[in-house]
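Naming convention: chains lettered A, B, ... in sequence-line order (proteins, then strands); numbering from 1 in each chain.
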Amino acid sequence: MVFFCTHPYLPTPTFVPKPHNLHLRSLFCLQSPIEPSSSSPSPTHSITTNNYNHLIQSLCSQGNLTQAFKLLPREASPTQRTFESLILACTRHNATSYAPAIDRRLSAADGLHHDPFLSTKLIEMYSHFSALDDARNVFDRTPQKTIFVWNALLKAIVVVSNDGEEALSLFTDMGGKGVHFDSFSYSYVLKACLASSLHVSVVLRRVRQIHGHVLRVGFDSRVHAATTLVDSYAKIGRVACARRVFDKMPHRNVVSWSAMIACYAKNGRHLDALAIFRDMMRDSETAPNSVTMVSVLQACAGLSALSQGKLMHGYVLRRGFYATVSVVNALIAMYIKCGSLDAGRRVFATMIVPRNVVSWNSLISGYGVHGFGKEAIQVFEEMISVGISPSPVTFVSILGACSHGGLVEEGRRLFDSMLKEHNLIPQSEQYASLVDLLGRAGQLDEATKVIEGMNIEPGPTVWGSLLGACRIHGNIELAERACSHLFELEPWNAGNYILLADIYAAAKLWEEVSRVKKLLEARGLQKLVGCSWIEVKKNLYSFASVDELNPQIEQVHALLTELVKEVREMGYVPNTKVVLYDLEQKEKEKIVLGHSEKLALAFGIISSQKGEVIRITKNLRLCEDCHSLTKFISKYTKREILVRDVNRFHHFRDGMCSCMEYW
DNA sequence: GTAGGGTTAG
C-alpha cells in the first residue's frame with residue numbers, strides 16, 4: 001500500500017508490484033483484464049510499458065486521477081494516447097493542479113514534447129481552465145503548428161478572453177504566415193468579431209471582411225461556415241445580409257434553417273420567421289428539431305398569434321419535444337405573451353421535465369405582466385422553497401411584477417434580498433427595475449437617491465426608467481437630467497426624444513417640443529410608427545396610425561365615431577396631451593381617434609362574436625386616451641378586451657382596467 | 001482531433 005501513498009515525483013520505491021498482478025488490478029477496480037500487447041518487440045519491456053500505459057488510461061477513464069498521476073513516473077515511455085487520456089481527464093474533472101505535472105512529464109518525453117496533437121489538446125485544456133497564458137505558452141513552444149494548433153489558440157482567445165481584437169490579430173498573423181484556414185478558423189474568427197464590444201458598424205465591417213475571405217476560398221458553400229455567417233449577420237441585426245447568405249447555400253440542414261428562423265425571430269421579423277418555417281416544413285429533407293421550435297414559438301409569442309401558437313404546441317407534442325425544457329419554457333412564454341396566462345400556467349404545471357430557473361422566471365414574469373403582483377411574489381417564494389436559486393433575470397421579472405402591481409415595499413424588500421439572501425450583486429437592469437418601481441409610484445426623490453447611491457455607472461436602462469416615471473408624473477426638471485445622460489449614452493434611441501417631447505407637450509411648452517423634434521430630425525431619427533394588430537378567425541390583421549389601405553377602414557372609422565359619441569355621454573373626455581403639435585382641440589381629437597389601437601379595437605368589435613374576448617397587441621405603450629376610451633368601450637359594448645402593449649397586459653372589463661393605472 | 005442554431009427580462 002505504500003506504493004499508492006507515494007508522491008509521483010518522489011524516487012521510485014524499491015518494491016514495485018507487477019502491473020499485471022491481480023491484486024493491483026482489483027485495487028484499481030479495472031473493468032477489463034489487461035493483457036500484454038502481442039505486437040510489442042521485446043516481451044519483457046512491453047509488459048511493463050504497455051501495462052502502465054493501459055493502466056493510466058483506464059484510471060483516467062474512471063476519473064481516478066490521483067492514482068493515474070502516481071503511476072505516471074513509473075512509465076518509462078508514456079504514449080501519445082496516455083498523455084491524451086491524462087489531459088482529457090484533467091479537462092473533464094477541472095483538475096488544474098495536475099496540469100504542471102503533465103507539462104513537466106511531457107517535456108521529458110522523447111518525440112512527444114513537440115507533438116502538435118498533444119499541443120492542441122493541452123491548449124484546449126488550458127482554455128477550459130481559462131489559463132490563456134499557459135495555452136499561449138504551449139502554442140509558442142510547438143514548432144509544427146498544424147491548423148488544429150492554430151484553431152485551438154484562436155478558439156481559446158475567443159472563449160476565454162472574449163477579446164475580439166486579439167483573436168483578429170492572431171487571424172491576421174495566420175494569414176501573414178501563409179496558414180491555410182479551414183472552415184473551423186472562419187467559425188472562430190466570426191465569433192471573435194461578435195465578441196468585441198465595439199460599435200456595431202465596426203463589427204459589421206469586420207464580418208464583411210471575413211465574409212469576403214470565405215467567398216474567396218469558396219467556403220460559403222460549406223454548411224457550417226455559411227451558417228455561422230447567417231448567425232453573425234443576424235446578431236448584428238443585418239437580416240437581409242443573413243438571408244442572402246442563406247439563399248445562396250447549396251445545402252441546408254436543420255441548423256442552417258434554425259439559424260435563419262432565429263435571425264427573424266430575434267430581429268422582430270416574426271411573420272418572416274413563420275414564413276420561412278413553413279418553407280422548411282415543405283423541404284422534405286430537413287425536419288425541425290427542438291431548437292427550431294424554440295424560435296418558432298418565440299415568433300408566435302412576438303405576434304401574439306395564439307392560434308398559430310396552439311398549432312405549434314400540437315406539433316411539439318407530436319414530435320416529443322415536450323421533454324425538452326427549453327421548448328416547454330418557450331411554450332409557457334408563448335401562451336403568456338398571447339394573453340393566455342391560464343394556458344401558460346397549465347403548461348408549467350404539467351411539465352414532465354424538471355423545471356429550471358427559466359421556467360420559473362417565465363411564470364413570474366407572466367403573472368407580473370398580467371398585473372398579478374402578489375401571485376408573482378408567491379411563485380417567487382415557491383421557487384425558492386423548492387431549491388431553485390434565482391437568477392438576475394428573476395429579479396428583473398419580480399421587480400417588474402411589483403412595479404406593475406404598485407407593490408413598492410415588497411419590491412424594495414426583494415431588491416435588498418438579492419445581495420443579502422441570494423448573493424447576487426445588482427446590476428443596471430435590476431437598478432432600472434427598482435427605479436421604475438419607485439418612479440411609477442411617484443417616489444421620484446427616492447428613485448433619484450437610488451441612482452445616486454449606485455456603486456456602478458448607471459446604464460441607459462436606469463435613466464430610461466427615471467424618464468418614464470417623469471412622463472407619468474410630469475417632472476420636467478428631472479426628465480431633462482435623465483435625458484442629458486440618455487442623449488449621451490444612446491443618442492440613436494428616438495424613444496427618449498419622443499418621451500421628452502411628450503413631457504414638454506403635456507406642459508404646453510411648445511417651443512421646447514419643437515426644439516426636441518429638431519434635435520431628433522438633425523440626428524436623422526424617426527418616431528416609431530404606432531402599430532396594432534388583432535387575430536380574428538386565425539388571421540392576423542394589423543393597423544397603423546395612418547391607415548387607409550384596409551378594405552374595412554371606412555366601416556371602422558364609422559363605428560369609432562359612433563362609439564365615441566355614445567361614450568362621451570358616459571363621461572369620456574378625449575385626452576389629447578400626447579399630440580405633439582400645437583393644434584386646435586378638434587384636430588387633436590381627430591389625431592388620437594386615428595390611433596392604431598382604436599382602429600384594431602373597432603375592427604375587433606365588427607369582426608367577432610359577442611362574448612368573445614377581443615385580443616389586441618400594440619408595438620408601443622398604450623396612450624392615455626386609448627386606455628381611457630377602451631375602458632368606456634368595454635363597458636358600453638359589454639365586451640372583454642385584452643390589450644398587450646410594449647410593457648404589459650391590460651384586461652378591460654366593465655369600464656375598468658386590470659392595470660389600475662400602473663403602466 | 002476542432003465547428004454552426006435555441007428558452008426567461010430589458
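If you check B/dG4, B/dA9, B/dG6 against the side chain of A/Ser256, the one that comes closest is B/dG4. Nearest to the side chain of A/Ser183, among B/dA3, B/dG6, B/dA9, sits B/dA3. For A/Glu429, the listed nucleotide lying nearest its side chain is B/dG10; candidates were B/dG10, B/dT8, B/dG4. Closest to the side chain of A/Thr461, from the set B/dG1, B/dG5, B/dG10, is B/dG10. Distance from the side chain of A/Phe184 is smallest for B/dT2 among the nucleotides B/dT2, B/dG1, B/dA9. Of the listed nucleotides (B/dG1, B/dT7, B/dG5), B/dG1 has the atom at the smallest distance from the side chain of A/Phe117. Residue A/Val294 has its side chain nearest to B/dG6 when only B/dG6, B/dA3, B/dT8 are considered.
Residue A/Ser428 is out of contact with every strand shown, counting any heavy-atom pair closer than 4.0 Å. Using a 4.0 Å heavy-atom distance criterion, A/Val328 is classed as making no nucleic acid contact. In this structure, A/Val223 reaches the bases: a heavy-atom distance under 4.0 Å links it to at least one base atom across the strands shown. Residue-level contact check: A/Ala262 touches the backbone only, with heavy atoms under 4.0 Å from sugar-phosphate atoms and none from bases. If you check every strand for non-hydrogen atoms under 4.0 Å, A/Gln298 touches sugar and phosphate atoms only. At the heavy-atom level, A/Thr292 lies under 4.0 Å from base atoms of the strands shown. When heavy atoms are screened at a 4.0 angstrom cut-off, A/Tyr188 is found touching base atoms of the nucleic acid. Within the 4.0 angstrom heavy-atom criterion, base atoms lie near A/Asn151. Here A/Ser391 lies out of heavy-atom contact (under 4.0 Å) with every strand.
In terms of heavy atoms, A/His370 sits closest to A/Arg648 at C-NH2, 4.0 Å.
Using a distance-only test at 3.5 Å, with no hydrogens or angles considered, no donor-acceptor pair links the side chain of A/Arg621 to the main chain of A/Asn647.
Contact annotation: side chain of A/Asn289 to base of B/dG6, donor-acceptor pair absent below 3.5 Å. On a pure distance criterion of 3.5 Å, no polar donor-acceptor pair joins the side chain of A/Thr228 and the base of B/dG4. Between the side chain of A/Thr120 and the base of B/dG1, at least one donor-acceptor pair of N or O atoms lies under 3.5 Å.
Computed from coordinates, the A/Leu297 CG to B/dT8 P distance equals 10 Å when rounded to whole Å. Remark: C1' of B/dG1 and CD of A/Gln144 are 14 Å apart, rounded to the nearest angstrom. B/dA9 atom P lies 11 Å from atom CZ of A/Phe649, rounded to whole Å. Here B/dT8 presents its C1' atom at 15 Å from CG of A/Leu424, a figure rounded to the nearest Å. For A/Asp182 and B/dG4, the CG to P distance is 13 Å, given to the nearest whole Å. In this structure, CG of A/Leu153 is placed 22 Å from P of B/dG1, rounded to the nearest angstrom. Between the CE atom of A/Met125 and the P atom of B/dG1 there is a distance of 21 Å, rounded to whole Å. Atom pair A/Met249:CE and B/dG5:P shows a separation of 13 Å (rounding to whole Å applied).
Ring geometry, A/Phe181 versus A/Phe171: the interplanar angle falls under 30°, so the pair is classed parallel (tilted spans 30 to 60°).
Salt bridge annotation for A/Asp416-A/Arg413: absent, with no cationic side-chain nitrogen under 4.0 angstrom from a carboxylate oxygen. Between A/Lys177 and A/Asp173 a salt bridge is recorded (basic side-chain N to carboxylate O distance below 4.0 Å). Salt-bridge check for A/Asp342 with A/Arg346: failed, with every basic side-chain N at 4.0 Å or more from each acidic carboxylate O.
A ring-centre distance under 6.0 Å is not found for A/Phe184 and A/Phe148.
Proximity of A/Lys337 to the phosphate of B/dA9: a side-chain N or O atom is located under 4.0 Å from OP1 or OP2. Applying the 4.0 Å criterion to OP1 and OP2 of B/dA3, one finds that A/Lys191 has every side-chain N and O outside that range.
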Practice item. Starting from the C-alpha separation in whole Å, work towards a yes-or-no answer on side chain to side chain contact (heavy atoms under 4.5 Å, CB included) for A/Arg141 and A/His113. Key: CA-CA 9 Å; A/Arg141 70 172 191 232; A/His113 184 204; 4.2 Å; yes

Practice item. Please test A/Trp257 against A/Phe246 for ring pair (Phe, Tyr, Trp, His ring centres under 6.0 Å), starting from the C-alpha separation and ending with a verdict. Key: CA-CA 8 Å; A/Trp257 282 100; A/Phe246 179 81; 5.2 Å; yes

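Contact check of residues 357-368 of chain A against DNA chain B (heavy atom, cut-off under 4.0 Å) returns A/Val358, A/Asn361, A/Ser362, A/Ser365.
Stacking of A/Arg319 on the aromatic ring of A/Phe321 is not recorded, the 6.0 Å distance cut-off and the 45° axial limit not both being met.
In this structure, A/Phe148 counts as stacked on the base of B/dG1 under the 5.5 Å centre distance and 30° plane angle limits. For the pair A/His224 and B/dG4, the ring geometry does not qualify as stacking, because the centroid separation below 5.5 Å and plane angle under 30° are not jointly satisfied.
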